[in-house]
There are 4 protein chains.
Amino acid sequence: MVERIVAAGREVLVEDGYDAFSTNRVAAAAGISPGSLYQYFPDKSAILDLVVDRYTEETAERVAAAMSERIGGIGIEVVRDIVDALLTALEADRALLRVVAEELPLARSGPRRAALERRVGELAATYLLARPEHSRRPVPSVSTWVTVLAIENLAVRWVLDQPAITRDQILDEIVALVAGYLLS
Amino acid sequence: MVERIVAAGREVLVEDGYDAFSTNRVAAAAGISPGSLYQYFPDKSAILDLVVDRYTEETAERVAAAMSERIGGIGIEVVRDIVDALLTALEADRALLRVVAEELPLARSGPRRAALERRVGELAATYLLARPEHSRRPVPSVSTWVTVLAIENLAVRWVLDQPAITRDQILDEIVALVAGYLLS
Amino acid sequence: MVERIVAAGREVLVEDGYDAFSTNRVAAAAGISPGSLYQYFPDKSAILDLVVDRYTEETAERVAAAMSERIGGIGIEVVRDIVDALLTALEADRALLRVVAEELPLARSGPRRAALERRVGELAATYLLARPEHSRRPVPSVSTWVTVLAIENLAVRWVLDQPAITRDQILDEIVALVAGYLLS
Amino acid sequence: MVERIVAAGREVLVEDGYDAFSTNRVAAAAGISPGSLYQYFPDKSAILDLVVDRYTEETAERVAAAMSERIGGIGIEVVRDIVDALLTALEADRALLRVVAEELPLARSGPRRAALERRVGELAATYLLARPEHSRRPVPSVSTWVTVLAIENLAVRWVLDQPAITRDQILDEIVALVAGYLLS
DNA sequence: TATGAATGAGGGTTCATTCAT
DNA sequence: GATGAATGAACCCTCATTCAT
């Protein structure tokens with residue numbers, strides 16, 4: 001039932017946008033009555049939080065999976081594969097990404113995004129520490145922070161704004177950005 | 001009068017946050033009646049738009065000024081100076097930056113931000129075109145897009161999240177990021 | 001306008017009872033929209049408070065007037081006249097008295113009633129102090145408290161329950177009660 | 001089971017007040033499901049009614065017991081003992097008395113209170129009829145009504161408001177009130 | 001032009017009651 | 001009998017917008 005509500009919430013968000021995310025609308029989409037929401041959630045924002053949580057976790061999961069799979073690999077191709085996975089994950093539900101990234105008050109999606117960044121960042125930091133030859137930057141925590149934020153933003157904007165840049169191009173550019181930063 | 005309203009709107013935004021940005025509140029802050037707002041703006045969101053516009057323009061102005069000033073300069077120090085100017089501009093009104101970047105539905109500030117990016121991007125592209133030796137990336141428009149977006153996001157997050165990274169450090173890192181990207 | 005709302009509130013209270021005292025109902029009775037209530041009252045309970053205040057003050061006023069008028073008089077007839085005035089005041093709007101005394105959570109009407117008691121009590125105490133021969137009770141503040149509470153309750157119950165006791169009878173009884181108490 | 005529910009209702013009333021007296025809360029306190037309430041009570045107010053009934057009966061029982069015990073006694077001390085018993089009964093559960101007398105719409109506790117008054121009144125009337133020398137008032141039913149109501153209200157207010165009057169004082173005063181009324 | 005009282009749809013939430021299990 | 005999830009009408013209140021003055 002919680003799942004049904006979360007699904008309905010996601011649907012409302014995708015189909016009608018954040019402004020339409022009212023308890024009445026979500027309940028209607030879930031095919032239940034407004035009062036029933038409150039048997040599973042303390043208030044409206046808890047529903048929204050869980051919808052965003054689920055989405056963020058989904059995305060984090062895919063990226064983290066790609067990372068742990070590829071992380072044994074050699075050279076710069078690792079980065080390309082990971083970013084490729086990230087793009088794929090973001091492309092999976094562009095409509096929801098748009099709402100989460102652009103309509104939600106960032107204060108709501110911010111913490112989830114930060115969690116994602118932390119999770120991915122830790123993996124990356126571990127990797128960099130294990131292979132010091134892969135980074136010439138002096139402070140690993142800092143270069144991780146920089147790398148993760150830069151990649152994340154570029155990926156999100158590329159998916160949402162769909163600039164005149166091909167997928168291969170953006171992958172090349174991001175790889176070049178990261179490689180140039182860490183290795184030169 | 002429009003200016004008075006915009007100033008009031010900005011004040012409300014900074015002092016009380018986005019949720020308090022109601023027409024009544026803005027009118028009160030401007031010392032006029034709610035009805036009078038509608039003589040100068042078609043609706044509430046037009047006021048908000050103009051507030052954000054003004055802020056974005058201010059910031060763009062400062063960065064563009066720094067760019068045209070420094071753009072004749074030599075080498076990588078140019079980048080450092082420009083990023084420095086950007087940080088300074090963002091630090092000028094951290095409270096408003098927080099509201100604009102974190103509380104506003106990004107959809108509202110998005111277009112203004114895009115305008116800023118375009119403006120700065122054009123300057124950068126012009127520069128890179130004029131001095132091809134400064135970039136080894138194949139498509140200037142793409143590398144400009146990448147550079148501008150990466151820098152912008154890192155700068156905003158550094159100012160807002162205040163991570164344990166000194167100002168000099170973040171400048172070094174951004175310079176390294178850009179230099180590594182464009183030159184290697 | 002405040003008066004119009006108070007009148008409407010009183011009407012709803014009298015006509016439909018306390019449970020029907022909803023903001024929508026009061027607004028409808030006042031011929032205005034629900035939102036307009038909030039231009040004159042901070043919340044629903046403020047409306048109710050004022051309705052009860054007005055009623056209590058009205059009643060207190062009448063009784064106090066009778067008291068100051070008669071208080072120069074001689075002997076026990078003074079008490080009779082005052083209680084008569086009290087009965088008259090309570091009979092003036094029996095329907096509202098019923099709601100105020102029986103439907104309202106006493107916590108709401110309690111403080112107003114207490115104020116009325118205090119006001120009347122002070123007058124009575126002053127009188128008793130000025131004419132010590134009128135009371136043989138040792139502690140004036142206590143005998144005042146006892147007298148006021150006893151009279152008030154008897155008067156209210158007589159008006160509301162309409163027991164098989166004539167008006168003259170109840171006046172006689174209350175006079176006997178008070179006289180016997182204070183003078184014997 | 002009915003008893004369990006009544007006990008739970010009383011608990012909720014005492015612990016959390018009238019506003020918290022919801023079917024869900026009472027059911028939870030009784031360790032049963034909300035739906036089960038309706039197997040024993042037609043609706044919520046029936047539960048409340050029975051809780052109040054029980055409490056009123058308890059109180060009536062104690063007072064009536066004291067009355068039949070003392071009623072053979074001589075003189076005014078009888079009154080004192082009975083009022084003493086009443087105060088003791090009211091003090092037994094001051095928290096519940098407060099809720100019943102101050103938070104409940106009086107309309108709900110009114111009929112129960114009236115029953116108590118009738119019961120006590122009948123005892124008193126019987127007594128007065130049997131010993132005509134104890135009252136000089138002309139209509140026993142009327143003087144009983146007056147006496148019972150006056151005593152009841154004074155006792156309740158004394159227990160709840162805790163004015164600066166000692167227990168002995170209030171007993172003295174009530175005795176004086178009654179004695180003066182009936183005998184002078 | 002400026003006002004600001006009035007609007008009223010819609011918001012989130014509660015809770016007595018029902019009924020399929 | 002017992003359950004407890006589901007109901008949905010009704011609650012109080014907000015606020016962008018309007019319009020008579």
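All heavy atoms count here, side chains included; hydrogens, waters and symmetry mates do not. Everything quoted here is computed from the prediction, not taken from an experiment. Numbers restart at 1 for each chain; the letters A, B, ... are given by sequence-line order, proteins then strands.
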key: Residue closer to the 5' end of DNA chain E, C:Pro34 versus A:Thr23 (nearest nucleotide)   =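 Of the two residues, C:Pro34 wins.
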message = Keeping A:Asp43 on the side-chain end and A:Ala46 on the backbone end, is there a donor-acceptor pair under 3.5 Å?
response =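 Confirmed, A:Asp43 side chain pairs with A:Ala46 backbone.
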Within this structure, what is the [atom1]-[atom2] distance for the pair [X] and [Y], rounded to the nearest 0.5 Å?
X        : Y        : atom1 : atom2 : result
C:Glu11  : C:Arg25  : CD    : CZ    : 10.0 Å
A:Asp161 : B:Glu117 : CG    : CD    : 8.0 Å
B:Arg62  : B:Leu90  : CZ    : CG    : 9.5 Å

Take atom [atom1] of [X] and atom [atom2] of [N], then tell me their distance rounded to the nearest Å.
X       : N      : atom1 : atom2 : value
B:Leu37 : E:dG4  : CG    : P     : 12 Å
B:Phe41 : E:dT1  : CZ    : P     : 15 Å
C:Asp19 : E:dT14 : CG    : C1'   : 16 Å
D:Met1  : F:dT3  : CE    : C1'   : 12 Å
D:Asp49 : E:dA16 : CG    : P     : 14 Å
B:Ile5  : E:dA2  : CD1   : P     : 9 Å
D:Asn24 : E:dC15 : CG    : C1'   : 7 Å
C:Gln39 : F:dA16 : CD    : C1'   : 13 Å

ask   = Between A:Ile32 and B:Gly35, which is nearer to the 5' end of DNA chain F once each is assigned its nearest nucleotide?
value =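 The residue mapped nearer the 5' terminus is A:Ile32.
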query = B:Ser45 or D:Tyr40: which one's nearest nucleotide on DNA chain F is closer to the 5' end?
reply =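 In this pair, the answer is D:Tyr40.
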Selected nucleotide, minimal atom distance to C:Ser22 side chain, candidates F:dT17, E:dA16, F:dC11 =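 That would be F:dC11.
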Closest to side chain of B:Lys44, choosing from F:dC13, F:dT17, E:dT17 =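 Among F:dC13, F:dT17, E:dT17, the one nearest the side chain of B:Lys44 is F:dT17.
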Derivation of the side chain to side chain contact (heavy atoms under 4.5 Å, CB included) call for D:Glu58 and D:Asp93 = CA-CA 11 Å; D:Glu58 253 174 58; D:Asp93 195 340; over 6 Å; no
query = Any side-chain heavy atom of D:Thr56 sitting closer than 4.5 Å to one from D:Val100?
reply =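 They are not in contact (no side-chain heavy atoms under 4.5 Å apart), so the answer is no.
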OP1, OP2 of [N] versus side-chain N and O of [X]: anything below 4.0 Å?
X       : N     : value
C:Ser33 : E:dA6 : no
B:Ser36 : E:dT3 : yes
D:Tyr38 : F:dA2 : no

For D:Arg119, the option from D:Glu152, D:Glu57, D:Glu61 that meets salt bridge (Lys or Arg N to Asp or Glu O under 4.0 Å) =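 Testing D:Arg119 for a salt bridge (Lys or Arg N to Asp or Glu O under 4.0 Å) against D:Glu152, D:Glu57, D:Glu61 leaves exactly one candidate, D:Glu61.
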query = According to the Watson-Crick and G-U wobble definition with distances under 3.5 Å, which dot-bracket string, read 5' to 3', encodes DNA chain F, using [ ] for crossing pairs and | for pairs with another strand?
reply = .||||||||||||||||||||
